[in-house]
Amino acid sequence: MLLGVNIDHVATLRNARGGVEPDVIKAAEICEANGGTSITTHLREDRRHIKDEDVYTLIKTIKTKLNLEMAMADDIQKIAQEIKPYSICLVPEKRQEITTEGGLDVAGQKEKVTTFIKPLLDAGIIVSLFIDPDENQVRASAKTGAQFIEMHTGSYSEAYGKDNEEKEFLALKNAAKLAQSLGLKVNAGHGLNYENVHRMHEIDGLYELNIGHSIISRAVFTGLPEAVRKMAYLIK
Ligand code: PXP
């Protein structure tokens, strides 16, 4: 299982002062040098953390793979077509949310998603759809042309250690199995941390985990190299 490190919060911290520290490009380098197999960034419509300049530089400096999270927005689609990241992950986006709160409703807008991702697929970019671990969403995703789904692990992460942990975990396990049977590859992420990540090993064939908040939070105390190394070790 691979580790994609989401570096958005390095940019959040930088933007708090409006300067250049901490350096997002340097952060990506450190993540790659310590076990991160790809770098994930979410270019949000309001550009609250990662900015256009960041992705234009990252695409030149990253040695592993850039995974660009994005909503169905035409201006960001254009940027993706221009820079050609290794992959994009299509996410829903609400301006007011603090983080991506739920999965993309692919079942409710299958044609729109299919049309939106086509030029990206035609450009050779791998497309992943960030969805809740729900049968209808998985089945709809399999019909769009996307090669991957990323399962939203937020509900599992919140349920970890509580009565509903098993229910939320089973939803992930079943969704992954169904997705793979329909020819999709499966990633997962959101809310995963150093305590709850171990159960991802119980899900057969998971390809990559995308993890941000817990790694950057730990890095405040231990430094980024250790925080990435420890997570890479845990998922290995
Ligand atoms: N995957 C996707 C699609 C996300 O939107 C996010 C949050 O930006 C993550 C993974 C990482 O979530 P977390 O920061 O909680 O680890």
Side-chain angles (χ1 to χ4, degrees), residues 1-13 15 24 27-28 31 36-50 54-55 65-73 76 80 85-106 113 117 126-134 137 141 146 148-160 168 172 175-176 179 184-200 206-220 224 227-228 230-232 234-235:
M1 207 164 13
L2 305 176
L3 169 63
V5 183
N6 182 314
I7 57 169
D8 291 345
H9 286 332
V10 178
T12 303
L13 186 56
N15 298 352
V24 168
C31 294
T37 47
S38 66
I39 300 297
T40 294
T41 56
H42 184 175
L43 190 60
R44 291 188 77 99
E45 287 177 54
D46 62 8
R47 308 297 200 269
R48 73 171 75 143
H49 36 60
I50 289 293
D54 296 323
V55 293
K65 302 173 289 184
L66 179 64
N67 174 42
L68 185 69
E69 291 178 6
M70 55 184 276
M72 281 196 279
I76 301 179
Y86 177 80
S87 58
I88 68 105
C89 181
L90 207 60
V91 300
E93 199 172 301
K94 295 190 211 107
R95 291 264 163 144
Q96 290 79 14
E97 70 190 357
I98 294 171
T99 181
T100 314
E101 279 160 9
L104 184 69
D105 178 18
V106 180
V113 171
I117 65 175
I126 288 173
V127 173
S128 177
L129 305 175
F130 188 49
I131 58 168
D132 290 328
D134 168 88
Q137 298 298 344
S141 298
F148 275 80
I149 57 163
E150 178 171 328
M151 299 191 297
H152 196 309
T153 49
S155 298
Y156 158 74
S157 298
E158 268 173 38
Y160 185 75
E168 298 299 346
L172 291 170
L184 290 160
K185 297 195 184 83
V186 184
N187 294 333
H190 209 284
L192 294 174
N193 61 30
Y194 296 82
E195 279 77 46
N196 63 30
V197 74
H198 69 96
R199 292 208 71 184
M200 294 301 106
L206 259 194
Y207 185 75
E208 187 165 57
L209 302 179
N210 282 307
I211 307 181
H213 189 81
S214 62
I215 292 177
I216 305 303
S217 301
R218 184 180 177 100
V220 170
L224 193 52
V228 177
K230 174 88 179 173
M231 187 59 86
L234 287 176
I235 71 172

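In listed order, ligands and their atoms are each counted from 1. Remember, it's a predicted structure, so these values are computed and weren't measured experimentally. Along the sequence shown, residues carry numbers from 1.
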Note: ligand 1 atoms sitting under 4.0 Å from heavy atoms of Val91 are 3 (C)
At under 4.0 Å between heavy atoms, what of Glu150 touches ligand 1? The answer is side chain
Exercise for the section: Take atom NZ of Lys185 as the centre, draw a 6.0 Å sphere, and report whether it contains more than 12 heavy atoms from other residues, nucleotides or ligands. Expected result: no
Tightest non-hydrogen contact, residues Pro85 and Ala80, listed as CD-O, 3.4 Å
For Asn6, the ligand 1 atoms with a heavy-atom partner under 4.0 Å come out as 8 (O)
Mark yes or no for whether Asn210, through its side chain, and Asn6, through its backbone, hold a donor-acceptor pair below 3.5 Å. no
Between Ser214 and Tyr194 the two heavy atoms that sit nearest each other are O-CE1, 3.6 Å
For ligand 1, is there an N or O atom under 3.5 Å from any N or O atom of Gly212?
yes
Under 4.0 Å from one or more heavy atoms of Phe130, ligand 1 contributes atoms 2 (C), 3 (C)
Applying salt bridge (Lys or Arg N to Asp or Glu O under 4.0 Å) to Asp54 and not counting sequence neighbours gives Arg14
Logged contact type for His152 with ligand 1, heavy-atom cut-off 4.0 Å, is neither
| Is the closest side-chain donor-acceptor distance between Asn67 and Thr40 under 3.5 Å? | yes
One finds that the ligand 1 atoms under 4.0 Å from a non-hydrogen atom of Asn210 are 10 (C), 11 (C)
Query raised in the report: Among the heavy atoms of Gly191, does any lie under 4.0 Å from an atom of ligand 1?
Result: yes
Ligand 1 to His213 polar contact by distance, N or O atoms, under 3.5 Å: yes
Taken in chain and number order and not counting sequence neighbours, the residues that satisfy side-chain contact (heavy atoms from CB on, under 4.5 Å) with His213 are His9, Ser217
Closest heavy-atom approach to atom 2 (C) of ligand 1 among Met231, Glu69, His190, Met151 is made by Glu69
